[in-house]
Amino acid sequence: MLKKLTLLASLSFLAACSTVPITGRRQLSLVSDAEINTLAATQYREVIAKGPLSTNSQQVTMVRNVGRRIQAAVETYFRQQNASDQLAGYQWEFNVIQDDQQQNAWCMPGGKVAVYTGILPITQDETGLAVVMAHEVAHAVAKHGSERMSQGLVQQLGGQALSAALSTNAPATQELALQAFGVGSQLGLLKYGRNQESEADHLGLIFMALAGYNPDGAISFWQRMEAKGGAAPPEFLSTHPSSGTRIADIQRELPEARKYYKPR
């Protein structure tokens with residue numbers, strides 16, 4: 001009987017797997033897109049309401065222009081792969097939060113993006129900004145938030161279905177949702193594992209190239225970002241691989257990304 005239960009559990013987990021675009025990595029996915037996008041939209045509205053949002057029209061225009069180009073690139077890629085359904089329910093938003101101390105940006109599931117003004121001096125131009133925004137969008141389309149929450153469900157709820165857990169409003173499950181988006185942290189930012197960060201670097205290079213930004217600009221951006229770290233790295237770098245590893249990985253992946261690059 002125990003063997004049968006184990007087999008059934010294994011089959012259930014196999015059925016609850018999805019595949020990350022481009023890399024082809026298999027990941028646990030116990031959370032439906034509709035559920036996590038709804039949760040993300042709610043949390044995003046709360047963060048944006050607190051703001052304060054930037055009133056600098058030049059900053060806002062640049063972020064939204066870059067964001068829309070990356071959005072178009074992602075949508076084109078998925079359409080060419082006959083996988084547009086993977087973006088079903090996306091309602092893209094791009095906002096700039098006024099906080100010069102925060103050298104960060106993030107994208108919640110469903111295409112909800114926020115960029116903090118503190119990272120703009122480091123991005124310097126649209127290409128640098130595209131590195132950051134494509135990386136963060138990559139987290140969303142790779143469903144890293146869903147993966148984090150699914151892993152948490154297995155650990156805390158023994159693999160209980162999310163829909164059943166949410167129907168009881170279990171505090172533990174609600175906390176998992178907050179952790180998946182990083183809302184429970186002091187900064188209200190997403191925190192992913194190093195493998196997910198490396199995967200977002202990889203996908204981000206391709207998405208920025210598809211958007212018409214030179215992916216070679218990623219090297220100089222990460223060098224500038226690392227130089228800002230000192231003894232206490234910016235939050236944006238807290239879970240990334242070491243600078244040497246990251247840059248080496250990006251250099252190895254650049255030939256692939258360049259194939260997608262067409263200057264505008």
Side-chain angles (χ1 to χ4, degrees), residues 31-68 70-71 74 87 89-123 129-150 152 162 166 169 171-193 196-197 200 204 207 225 233-240:
V31 190
S32 75
D33 292 345
E35 286 169 320
I36 202 163
N37 288 351
T38 298
L39 288 168
T42 299
Q43 298 300 333
Y44 186 75
R45 294 267 65 81
E46 292 183 5
V47 174
I48 296 305
K50 292 178 181 177
L53 297 181
S54 173
T55 58
N56 185 315
S57 60
Q58 184 176 4
Q59 292 177 342
V60 174
T61 297
M62 180 173 64
V63 167
R64 290 180 175 168
N65 285 344
V66 173
R68 291 188 187 105
I70 292 171
Q71 172 190 344
V74 169
L87 301 177
Y90 267 57
Q91 296 181 345
W92 297 87
E93 291 187 53
F94 306 97
N95 283 294
V96 183
I97 298 177
Q98 181 64 50
D99 189 337
D100 293 340
Q101 301 305 308
Q102 286 297 338
Q103 299 168 343
N104 217 314
W106 42 262
C107 177
M108 286 185 177
K112 306 297 188 183
V113 179
V115 175
Y116 289 82
T117 55
I119 203 170
L120 297 180
I122 306 174
T123 59
L129 184 58
V131 176
V132 172
M133 296 184 72
H135 171 98
E136 295 305 320
V137 166
H139 277 306
V141 300
K143 301 183 180 181
H144 288 163
S146 174
E147 183 177 21
R148 275 181 53 84
M149 193 168 182
S150 297
L162 178 63
L166 287 178
N169 292 316
T173 307
Q174 299 298 329
E175 181 62 25
L176 282 173
L178 296 178
Q179 291 175 4
F181 309 140
V183 176
S185 70
Q186 178 183 358
L187 301 178
L189 305 175
L190 288 86
K191 298 179 185 295
Y192 296 107
Q196 292 173 325
E197 290 291 350
F207 292 150
M225 195 67 178
E235 187 70 18
F236 195 65
L237 301 177
S238 62
T239 56
H240 281 66

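For clarity, every value in this text was computed on a predicted model and none was experimentally measured.
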Which atom of Val63 lies closest to which atom of Met133, heavy atoms considered: O-CE, 3.5 Å
- request: Check each of Val132, Thr123, Leu120 against Val115 using the side chain to side chain contact (heavy atoms under 4.5 Å, CB included) test, and report the only one that passes.
  value: Leu120
- request: Taking the side chain as every heavy atom from C-beta outward, state whether Phe94 and Val66 have any pair of such atoms under 4.5 Å apart.
  value: no
query: What distance separates Gln71 CD from Glu93 CD, expressed to the nearest 0.5 Å?
result: 11.0 Å
- line: On a heavy-atom basis, the closest approach of Ala134 and Gly204 is CB-O, 3.3 Å
- request: Report yes if some heavy atom in the side chain of Val131 is under 4.5 Å from a heavy atom in the side chain of His135; otherwise report no.
  value: no
message: Between His139 and Glu197, is the side chain to side chain contact (heavy atoms under 4.5 Å, CB included) condition met? List the steps.
response: CA-CA 8 Å; His139 277 306; Glu197 290 291 350; 3.2 Å; yes
task: Answer yes or no: is there a side-chain heavy-atom contact under 4.5 Å between Val47 and Asn95?
output: no
query: What distance separates Ile97 CD1 from Thr117 OG1, expressed to the nearest 0.5 Å?
result: 9.0 Å
message: Could you measure the distance from the CD atom of Gln103 to the CG atom of Asp99? Nearest 0.5 Å is fine.
response: 10.0 Å
query: Is there a side-chain contact between Gln58 and Met62 (heavy atoms, below 4.5 Å)?
result: no
- prompt: Can you find a heavy atom in the side chain of Ile70 that is under 4.5 Å from one in the side chain of Trp92?
  reply: no
query: So, Asp100 versus Gln102: side-chain donor-acceptor pair below 3.5 Å or not?
result: no
query: Val137 versus Val74: any side-chain heavy-atom pair under 4.5 Å?
result: yes
Lys112 side chain near Gln43 side chain, heavy-atom distance below 4.5 Å: no
- request: Measure from the side-chain N and O atoms of Tyr44 to the backbone N and O of Val113, and report whether any donor-acceptor pair falls under 3.5 Å.
  value: yes
- prompt: Which pair of heavy atoms, one from Ala200 and one from Ala138, lies closest together, and at what distance?
  reply: O-CB, 3.7 Å
